Amino acid sequence: MKVPGGGRFCTTLFRACYRDTGLRMNSPGFSMTQVRVRFAPSPTGLLHIGGVRTALFNWLFARQQKGVFILRIEDTDQSRSTDESIQAIIDGMKWVGLDWDEGPFRQTERMELYRSHAMKLLEKGHAYWCVCKAAELEARRKEAETKGLSPRYDGRCRNLGIANPSGDAALRFKAPQEGRTVVDDLIKGKIAFDNNVLDDLIILRSNDYPTYNFSVVVDDALMNITHVVRGDDHLTNTPRQIPIFEALGFPVPRFGHLPMILGSDKARLSKRHGATSIMAYRDMGYLPDAMVNYLVRLGWSHGDQELFTRQELIEKFSWKNVQTSAAVFNPDKLLWLNAEYIKTSPPDRVAQALVPFLEGAGLQDEVRAMSADWLAQLVVLVKERAKTLVEMVDWVRPYFGQSVTLDEEAAKKFLSPAMAPILGKLLARFEAFPAFSKQEWEDSFKKFVEEEGMKMGQLAQPVRVALTGRTASPGLFEVMEVLGRDRTLFRLRKGIERASHA
RNA sequence: GUCCCCAUCGUCUAGCCUGGCCUAGGACAUUGCCCUUUCAAGGCAGUAACACGGGUUCAAAUCCCGUUGGGGACACCA
């Protein structure tokens with residue numbers, strides 16, 4: 001239930017103490033508690049973009065508050081956690097440039113902590129042994145569901161007082177059954193839950209491993225997490241976790257629940273909506289900065305601004321401007337942003353990111369033969385035409401190597417026998433220049449077109465095909481500049497050859 | 001079924017807290033035009049939204065209630 005009069009914008013006074021944590025840090029008179037946040041993914045697959053966005057908000061807040069950002073791997077699910085997934089998380093975080101200050105911690109390395117705290121709860125009477133079998137529980141849940149009842153645990157072992165269970169038993173937390181738990185959410189405001197909807201959740205499995213709802217609490221408490229910021233899907237876990245903090249005698253952190261990312265059909269984003277792994281976007285030729293910009297803007301805004309540097313993001317971020325509703329992931333806008341970043345990022349950086357793609361396309365020798373400066377020049381040549389690095393590979397291909405592969409249709413259309421003598425004359429003019437000069441060659445070209453009584457396009461297209469092999473390319477004279485005098489003349493001669501033998 | 005969250009153009013959003021400046025602004029996509037040696041990029045213009053119903057008020061996108069719709073959670077998953 002939404003608390004009346006509470007919520008996100010309740011009163012100015014109230015807001016001051018919970019919305020603007022930034023003020024707290026900066027205003028004198030408040031105790032300087034350092035912000036400590038964490039990203040706690042489970043290693044059960046690839047790092048997906050929703051996870052990256054959660055990490056991003058945490059990271060932004062930590063950096064802005066000069067706080068600490070912790071990476072914690074929640075791998076207490078033995079059957080689903082893998083080392084490859086842990087590596088995927090680390091690789092993904094590094095690729096988008098989200099550096100952490102502590103960790104990565106693995107929960108499986110902290111087992112004793114969970115077990116000892118669980119025993120503490122048992123001793124204090126906050127927990128009890130449950131000897132119900134998993135299969136029985138499952139059956140009862142199904143039955144309750146078909147009867148239209150709540151599929152909660154019925155609490156049958158709660159008052160049995162089992163002290164030394166034989167065989168496998170699980171430890172359950174004695175959840176409060178009365179009153180209400182109020183969550184004061186950073187993003188959604190005050191939310192109240194009636195405790196009577198709570199059931200006694202298992203905190204220690206019969207295999208001695210802790211469950212999620214218990215290990216998060218122990219870790220968040222022990223790691224002194226001040227703000228637990230996670231996906232919306234955890235909102236209803238919060239009233240289950242708060243009583244555990246309390247039973248353990250730990251202070252309760254602030255919570256913030258980020259709205260979900262949806263697919264085009266408004267269902268929670270999943271594989272069937274297309275690529276969801278962050279690394280898939282790297283492979284599709286997206287720049288990490290574009291990815292970050294897109295993901296942050298999906299659910300957060302700063303007036304009408306669309307493009308942000310990382311520094312701006314850190315400075316301008318605030319919980320107040322985080323959206324409360326879910327957002328549909330829009331690949332078109334991401335693509336536009338990527339194109340924007342390709343156009344405006346330093347060309348040498350784009351070139352650097354492009355190299356692996358060129359190598360992947362079989363151009364490793366060609367790339368090695370060229371200088372970094374030339375590569376950057378190449379990026380400048382095609383940057384407003386390629387929306388991804390993958391597309392850029394295709395645009396850039398004609399500029400490697402001495403000769404060029406002619407597109408058959410283009411050659412047939414533009415390198416006709418009738419063109420041969422005209423191209424020959426143009427070649428002679430260019431050959432007269434001892435060195436390439438964009439301005440001079442362009443003037444000469446235009447003068448030639450005029451003298452011949454041609455239209456610009458009539459000559460430009462055949463030359464374009466001769467130089468690039470295709471009918472679409474950047475400006476002719478920029479192309480020549482990147483090719484250089486020798487290759488320009490060489491390819492022109494080859495083009496004439498082809499035209500005369502057509 | 002129960003509980004929780006959410007609701008402005010097709011999409012991301014501004015505006016909502018502190019009602020009037022909103023004949024609702026920006027961005028992506030889309031349409032048309034301009035520029036032009038091709039392809040882009042760029043420039044200009046256009047189409048397009050306050051879910052619905054009740055209140056409160058001189059005045060509601062903004063506050064309250066309800067309805068509808070969407071999403072999430074209810075595991076010895078996280």
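Naming: A, B, ... by sequence-line order, numbering from 1 per chain. As the structure is a prediction and not an experimental result, all values here were calculated from the model. When reading the values below, keep in mind they use all heavy atoms of this one structure, side chains included, and skip hydrogens, waters and symmetry mates.
- When heavy atoms are screened at a 4.0 angstrom cut-off, A:S325 is found touching the sugar-phosphate backbone but no base atom.
- A distance of about 11 Å separates the C1' atoms of B:C12 and B:A29, rounded to the whole Å.
- Comparing B:U38, B:C4, B:A27 by their closest approach to the side chain of A:W336 singles out B:A27.
- Contact annotation: side chain of A:D232 to base of B:A73, donor-acceptor pair absent below 3.5 Å.
- The aromatic rings of A:H302 and A:F308 sit perpendicular, their planes meeting at an angle over 60°, well past the 30° parallel limit.
- Contact check on A:K446 versus A:E442 returns a salt bridge, with a Lys/Arg side-chain nitrogen under 4.0 Å from an Asp/Glu carboxylate oxygen.
- The gap from the C1' atom of B:U31 to that of B:C52 amounts to 31 Å, rounded to the nearest Å.
- Within 4.0 Å (heavy atoms only), A:E74 reaches sugar-phosphate atoms of the nucleic acid but no base atom.
- The nearest whole Å value for the distance from the CD atom in A:Q78 to the C1' atom in B:A78 is 15 Å.
- For A:V197, counting side-chain heavy atoms from C-beta on, the closest listed nucleotide (B:C39, B:C3, B:C5) is B:C3.
- With a cut-off of 3.5 Å on both pairing distances, B:C16 has no Watson-Crick or G-U wobble partner at all.
- Counting heavy atoms of neighbouring residues, nucleotides and ligands inside a 6.0 Å radius, atom CD of A:E409 does not exceed 12 of them.
- Taking only side-chain nitrogens and oxygens, A:K343 comes nearer than 4.0 Å to OP1 or OP2 of B:G42.
- Among the atoms of the strands shown, base atoms are found under 4.0 Å from some heavy atom of A:F477.
- The listed nucleotides are B:G42, B:C4, B:C28; the one nearest the side chain of A:E340 is B:G42.
- Donor-acceptor pairing under 3.5 Å, judged by distance alone, is absent between the side chain of A:E384 and the base of B:G42.
- Here B:C12 presents its C1' atom at 10 Å from CG of A:L337, a figure rounded to the nearest Å.
- Out of B:U38, B:A78, B:C12, the shortest distance to the side chain of A:N213 is found at B:A78.
- Within the 4.0 angstrom heavy-atom criterion, no nucleotide atom of any strand lies near A:C130.
- Taking only side-chain nitrogens and oxygens, A:S301 comes nearer than 4.0 Å to OP1 or OP2 of B:A14.
- The base of B:C74 has none of its N or O atoms less than 3.5 Å from a complementary donor or acceptor on the side chain of A:S150.
- Checking B:U38, B:G26, B:C76 against every side-chain atom of A:S206, the shortest atom distance belongs to B:C76.
- Ion pairing of A:E408 with A:R498 is present here, as a side-chain N (NZ or NE/NH1/NH2) and a carboxylate O approach within less than 4.0 Å.
- For A:K446 and B:U37, the shortest distance from a side-chain N or O to OP1 or OP2 is not below 4.0 Å.
- Residue contacts for A:L235: at a heavy-atom cut-off of 4.0 Å it reaches the sugar-phosphate backbone alone, with no base atom in range.
- Looking at the side chain of A:K188, the nearest of the listed nucleotides B:A73, B:G26, B:C6 is B:C6.
- Candidate nucleotides B:C4, B:U37, B:G26 were compared by shortest atom distance to the side chain of A:R297, and B:G26 ranks first.
- The separation of B:A49 from B:G25, taken at their P atoms, amounts to 11 Å, rounded to a whole angstrom.
- Taking the P atoms as reference points, B:C5 lies 12 Å from B:G66, given to the whole Å.
- Put simply, CZ on A:R268 is 18 Å from P on B:G70, counting in whole angstrom units.
- Computed from coordinates, the A:H234 NE2 to B:A73 P distance equals 9 Å when rounded to whole Å.
- Among the protein residues, A:N330 comes within range of the nucleic acid bases, having at least one heavy atom under 4.0 Å from a base atom.
- A:G231 comes within 4.0 angstrom of no nucleic acid atom, judged by non-hydrogen atoms across all strands.
- Rounded to whole angstrom, the span from the CD atom of A:Q323 across to the C1' atom of B:U11 amounts to 13 Å.
- Counting any heavy atom pair closer than 4.0 Å across all strands shown, A:R72 reaches no nucleic acid atom.
- Distance check on atom P: B:A7 versus B:C50 gives 16 Å, rounded to whole Å.
- Taking the P atoms as reference points, B:A51 lies 35 Å from B:C33, given to the whole Å.
- Checked by distance alone, A:R152 brings no side-chain donor or acceptor within 3.5 Å of a matching partner on the base of B:C74.
- Checked against the 6.0 Å centroid criterion, the rings of A:Y286 and A:Y341 do not qualify as a close aromatic pair.
- Checking B:A27 for Watson-Crick or G-U wobble geometry (two distances, each under 3.5 Å) identifies B:U11 as its partner.
- Separation of the C1' atoms belonging to B:C28 and B:A61 is 23 Å when rounded to the nearest angstrom.
- Using a 4.0 Å heavy-atom distance criterion, A:I202 is classed as a base contact.
- Per the geometry, NE2 belonging to A:H48 stands 15 Å off P belonging to B:A78, to the nearest Å.
- Residue A:N237 is in base contact, counting any heavy-atom pair closer than 4.0 Å across all strands shown.
- When each of B:C74, B:A78, B:C39 is scored by its nearest atom to the side-chain atoms of A:P151, the top-ranked nucleotide is B:C74.
- If you check B:G53 for Watson-Crick or wobble pairing at under 3.5 angstrom, you find it paired to B:C65.
- Nucleic acid contact for A:S473: base, since at least one base atom lies under 4.0 Å from a heavy atom of the residue.
- Between A:S264 and the phosphate of B:U11, there is no side-chain N or O to OP1/OP2 separation shorter than 4.0 Å.
- Both A:T76 and A:T471 sit near RNA chain B, but only A:T471 has its closest nucleotide nearer the 5' end.
- Here the separation of B:G43 from B:C21, taken at their P atoms, is 31 Å to the nearest Å.
- Pair assignment for B:C33: B:G43, on the basis of Watson-Crick or G-U wobble contacts that are both within less than 3.5 Å.
- A salt bridge links A:R240 to A:D199: one of the charged nitrogens lies within less than 4.0 Å of a carboxylate oxygen.
- Both A:P474 and A:R141 sit near RNA chain B, but only A:P474 has its closest nucleotide nearer the 5' end.
- Look at CZ on A:R140: it is 13 Å from P on B:A75, rounded to the nearest Å.
- Nucleotide B:C3: paired with B:G72 (Watson-Crick or G-U wobble, both distances less than 3.5 Å).
- Both the sub-6.0 Å distance and the 45° axial angle are not jointly satisfied by A:R429 relative to the ring of A:F448.
- Checked for salt-bridge contact, A:E143 and A:R140 miss the test: no charged N lies under 4.0 Å from a carboxylate O.
- Taking atom CD of residue A:E450 and atom P of nucleotide B:U37, one finds them 13 Å apart after rounding to whole Å.
- Residue A:F193 has its side chain nearest to B:C4 when only B:U13, B:C39, B:C4 are considered.
- Salt-bridge annotation for A:K333 and A:E306: present, with a side-chain N of the basic residue lying under 4.0 Å from a carboxylate O of the acidic one.
- The distance between the ring centers of A:Y294 and A:F329 falls below 6.0 angstrom.
- Note on A:A327: only backbone sugar-phosphate atoms sit closer than 4.0 angstrom, heavy atoms only; bases stay farther off.
- OP1 or OP2 of B:C6 has not a single side-chain nitrogen or oxygen of A:K266 nearer than 4.0 Å.
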